[in-house]
Asker: 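First, the structure itself, so that you have it in front of you.
Residue numbering restarts at 1 for every chain, and letters A, B, ... go by the order of the sequence lines. Below, each value reflects all heavy atoms present in this structure, side chains not excepted, and no hydrogens, waters or symmetry copies.
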Protein chains: 2
Amino acid sequence: MRPLIHPAVEDLKPEAILYALSDPERVAIFAQIAGVGSTGTCTALSNLGGRVIPKSSLSQHMKVLREAGLIRGERHGVEMRNHSRCQEVDKRFPGLVAAILGAYGRPPEETNAG
Amino acid sequence: MRPLIHPAVEDLKPEAILYALSDPERVAIFAQIAGVGSTGTCTALSNLGGRVIPKSSLSQHMKVLREAGLIRGERHGVEMRNHSRCQEVDKRFPGLVAAILGAYGRPPEETNAG
DNA sequence: TCAACAGTTCCGAATTTCTGAACTATGGAA
DNA sequence: TTCCATAGTTCAGAAATTCGGAACTGTTGA
């Protein structure tokens with residue numbers, strides 16, 4: 001198992017963030033993680049919006065979000081807990097994540113974006 | 001030659017906009033078009049940032065930007081003039097384009113974004 | 001009618017994405 | 001320890017997408 005990659009704030013790339021959030025399924029995952037009261041485990045995320053996401057696909061989605069710098073994953077025993085890095089991203093690219101979630105109709109006030 | 005497709009404001013999709021702007025080459029093209037004093041023709045856009053973009057690739061990039069609703073293309077005689085639809089997009093998704101261009105280090109004040 | 005020009009479409013090669021199957025890592029029970 | 005269950009990752013082949021040279025379309029002017 002390779003170690004997880006979490007880019008430093010100064011290494012965040014707009015193109016990676018935009019690409020990660022150009023997929024509605026990843027946006028749903030990210031919004032869930034950024035939302036309040038989510039455990040952010042893959043199990044909790046595998047059935048968003050009615051479709052069951054295969055776990056290999058979900059793992060790839062998480063990797064894309066992680067390597068874009070949007071979420072941070074930490075192993076806790078057998079499970080992985082994911083939480084958003086909105087505040088760090090917002091420091092680097094002010095208003096970006098909030099504007100994107102807003103465009104998708106995911107009000108930033110339900111998350112910690114912005 | 002198929003007619004050009006320009007989605008109506010109410011049909012704009014965030015995922016298409018994010019995808020279109022997740023490629024730095026397309027961002028450079030879009031910023032050039034959104035910038036002041038650009039003719040917006042393909043010829044004027046084929047040599048941005050030092051690399052010569054093959055014209056078939058450029059045509060595809062323009063199509064992606066057009067169908068995302070970010071630019072509008074109009075035939076004028078033999079050439080195509082492209083101009084940005086920032087103001088329309090901003091009405092639908094306030095602050096989105098400005099935040100994205102800002103993240104790429106393309107100050108919105110040099111364009112008509114936002 | 002012809003040539004030049006601006007851009008589009010075609011199509012094969014290269015790259016990327018998707019997902020079932022196999023695998024790794026951790027924790028708990030016996 | 002050994003075995004099993006759980007959570008997620010990695011592999012690998014199929015499907016889809018992207019890239020770009022060549023051929024093409026449509027317009028203008030000679």
Asker: Once you round it to whole Å, what is the distance between P of C/dT8 and CD1 of B/Ile5?
Answerer: 12 Å

Asker: Can you tell me how far C1' of D/dT9 sits from NZ of A/Lys63, to the nearest Å?
Answerer: 10 Å

Asker: For C/dC5, take OP1 and OP2 only and decide whether either is under 4.0 Å from a side-chain N or O of B/Arg75.
Answerer: no

Asker: Whole angstroms only, please: what is the CG-P distance between A/Leu4 and C/dT24?
Answerer: 17 Å

Asker: Can you tell me how far the CG atom of A/Leu70 sits from the CG atom of A/Asn82, to the nearest 0.5 Å?
Answerer: 12.0 Å

Asker: How do B/His76 and A/Met1 order along DNA chain D: which one's closest nucleotide is nearer the 5' end?
Answerer: A/Met1

Asker: Distance check needed: C/dG7 P versus B/Asn82 CG, whole Å only.
Answerer: 8 Å

Asker: State whether the side chain of B/Asp90 and the backbone N or O of B/Gly95 hold a donor-acceptor pair below 3.5 Å, judged by distance alone.
Answerer: yes

Asker: Linking I/L/V/M/F/W/Y whenever any side-chain heavy atoms sit under 4.5 Å apart, do A/Leu48 and A/Leu65 land together?
Answerer: yes

Asker: So, does A/His83 use its side chain to make a donor-acceptor pair with the main chain of A/Glu74 at under 3.5 Å?
Answerer: no

Asker: Identify all pairs in which a protein N or O lies below 3.5 Å from an N or O of nucleotides 10-20 of chain C, and state each distance.
Answerer:
residue	atom	partner	partner atom	Å
C/dC10	OP2	B/Arg2	NH2	3.2
C/dT17	OP1	A/Tyr19	OH	2.1
C/dT19	OP2	A/Ser57	OG	3.0
C/dG20	N7	A/Ser56	OG	3.0
C/dG20	O6	A/Ser56	OG	3.2

Asker: Atom CE of A/Met62 to atom P of D/dT9: distance rounded to whole Å?
Answerer: 8 Å

Asker: Please check this pair: side chain of B/Tyr104 against backbone of B/Ala31, looking for a donor-acceptor N/O pair closer than 3.5 Å.
Answerer: no

Asker: Write down the distance between CD1 (A/Ile29) and C1' (D/dG8), rounded to a whole number of angstrom.
Answerer: 14 Å

Asker: Send over the distance from A/Arg66 CZ to D/dT10 P, rounded to a whole Å.
Answerer: 8 Å

Asker: Looking only at side-chain atoms of A/Thr43, point me to the closest of C/dG7, C/dC5, D/dG8.
Answerer: D/dG8

Asker: Between CD of B/Glu10 and CG of B/Leu12, what distance do you get to the nearest 0.5 Å?
Answerer: 8.0 Å

